[in-house]
Number of protein chains: 2
Amino acid sequence: MSSQDPKQALFVQFAAVAKTLGHAHRLELLEQLAQGERSVEILAQKTGLSIANTSQHLQQMRRAGMVTARRAGKFVHYRLADDAVLELLAALRHIAERNVAEVERIVRSYFNDRDALEPVSREELLQRSRAKAVTVLDVRPEDEFALGHLPGAVNIPLRALAARLSELDPSQDIVAYCRGPYCVLSYEAVAALRALGFTARRLEDGLPEWRAAGLPVIVGNA
Amino acid sequence: MSSQDPKQALFVQFAAVAKTLGHAHRLELLEQLAQGERSVEILAQKTGLSIANTSQHLQQMRRAGMVTARRAGKFVHYRLADDAVLELLAALRHIAERNVAEVERIVRSYFNDRDALEPVSREELLQRSRAKAVTVLDVRPEDEFALGHLPGAVNIPLRALAARLSELDPSQDIVAYCRGPYCVLSYEAVAALRALGFTARRLEDGLPEWRAAGLPVIVGNA
DNA sequence: TATATATTCAATTATTCTCTTGAATAATGT
DNA sequence: ACATTATTCAAGAGAATAATTGAATATATA
């Protein structure tokens, strides 16, 4: 299979890895896997794909070394193979943000409209959180929260937010976070909370990036 | 074009950028562009692709925001759009090296055989080069050297090495470099020089990574 | 051992991508 | 204006990929 030129042979391999990122469904699966280890069934349910389709995409990513699989009883659990996957995704985002007009348009028209404020940096949140000077709000679904979350975070999924406002202290600043840079949940949450008079901002990025930065995470049971 | 869900719309865009890396020819074009700005014709010649095919691949990368083009007279010069492209390529390499068996096999069977020694780090080379305690040898073709090279480097393309040994001081250590991590030129050069009794090692990575690290580069005229 | 469940495999169809060819465009020089 | 050169465009054949379906495999439970 490998050509005479080893560099060519390597480029073919690298291209195969890159090809794996070249599909929106797979990027969405990777965003889910960045939250933690998950079974095929749950991934299919979260993404709205069929089980067979989900399985095929996962296997393709496994062949490319992007994810690994582990069998536990009836279930096969997938996870990211490497922290470099997050770096790869971050670099992909940077290029698209800075050089693709359509991406700038989407980000401006949707995300900037909803939150003109700078996000809170991880360092700032860490300090304020240790000083108990802030409410850390995780707006992801319960199961993702259970898989791992920020120390001291309160979990109110976006869909339940309106019904559970009483759990939030109106006198304290709120910092909301969710799955990652373009997860809409925290944007929606912050917009809703501000409209209700709360002082709310978003954390930069999400849990996977917090974890990748080596900051403390409360790890739950799969 | 963009779906209701802005995240989905962004994933489609990110996937389009990634798809662009999913072809060995385009990775090779990017390696060339990492040396500096180049015209379509020269890129076609360096890669052995037809002009039309080269042009199409370049335009695809331009649409994805990976490269930019600039017209100068009859020629259109392409260059990398962003330093993040190098980061993206580095992350791609890391994942493939660490998780794809075939890549490990190629690297071991070709590159490790040729050079079991650790490469010289950029920092080490910078110090020894300033102290004039080392010969810095650029084994790329003349035109790539002219586009930009390390300070104080001597340019002897690999193909001319055997004929121009007299230009090298046998009493001084040699550090060879070329286009990047898997450019075979410096591996071949080091192997050949060692066989002739020289003390020779490779620089880690190549010129693009040296430049990306913010280290000094002698820039030539395009 | 028989049955249920989670996942993967295999085959099919529709779609997309690659490369080639020849023509079109854009700038230069006569 | 005309020919020349560099690049891009457009169209088509052939190859690769994506999603769907139903069958097959592997594990757990009765």
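- Checking the phosphate oxygens (OP1, OP2) of C:dC17, a side-chain nitrogen or oxygen of B:Lys19 falls inside 4.0 Å.
- Think of the region where chain B sits on DNA chain D: with heavy atoms and a 4.0 Å cut, that region ends 5' and 3' at D:dT5 to D:dA10.
- Enclosure of atom CZ in A:Arg159 is not indicated, since only 12 or fewer non-hydrogen atoms of other residues, nucleotides or ligands lie within 6.0 angstrom.
- Relative orientation of the A:Phe145 and A:His149 rings is parallel, given thresholds of 30° and 60° on the angle between their planes.
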Would you give me the side-chain donor-acceptor pairs under 3.5 Å for residues 206-213 of chain A, sequence neighbours excluded?
residue, atom, partner, partner atom, Å
A:Glu209, OE1, A:Gly206, N, 3.0
A:Trp210, NE1, A:Pro216, O, 2.8
A:Arg211, NH2, A:Gln35, O, 3.3

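- C:dT12 atom C1' lies 15 Å from atom CG of A:Asn53, rounded to whole Å.
- Near-neighbour residues of DNA chain C inside residues 54-66 of chain B, defined by a heavy atom below 4.0 Å, number-ordered: B:Gln56, B:His57, B:Gln60.
- Both A:His23 and A:Lys74 sit near DNA chain D, but only A:His23 has its closest nucleotide nearer the 5' end.
- A:Gln32 and A:Arg38 are not linked by any side-chain donor-acceptor pair at a separation below 3.5 angstrom, with hydrogens and angles left out of the test.
- For B:Tyr182, the ring pair (Phe, Tyr, Trp, His ring centres under 6.0 Å) test picks out A:Phe14, B:Phe111, with sequence neighbours left out.
- Atom P of nucleotide C:dT21 and atom CG of B:Leu49 are separated by 14 Å, given to the nearest angstrom.
- Taking the ring axis of B:Tyr187 as reference, the NZ or CZ atom of B:Arg202 stays within 45° of it and closer than 6.0 Å to the ring centre.
- To the nearest angstrom, C1' of C:dT5 lies 14 Å from NE2 of A:His77.
- Looking at residues two or more places apart in sequence or on another chain, you find a salt bridge (charged side-chain N to carboxylate O under 4.0 Å, His left out) between A:Arg164 and A:Glu167.
- Residues passing the salt bridge (charged side-chain N to carboxylate O under 4.0 Å, His left out) test with B:Lys19, sequence neighbours excluded: none.
- Along DNA chain D, the nucleotide closest to A:Gly73 and the one closest to A:Ala52 are compared, and the more 5′ of them pairs with A:Ala52.
- Residue B:Arg26 has a polar side-chain atom (N or O) positioned under 4.0 Å from OP1 or OP2 of C:dT18.
- At least one test fails for A:Arg108 against the ring of A:Tyr110: distance under 6.0 Å to the centre or angle within 45° of the axis.
- Regarding B:Ile51, its CD1 atom lies at a distance of 14 Å from the P atom of C:dT21, rounded to whole Å.
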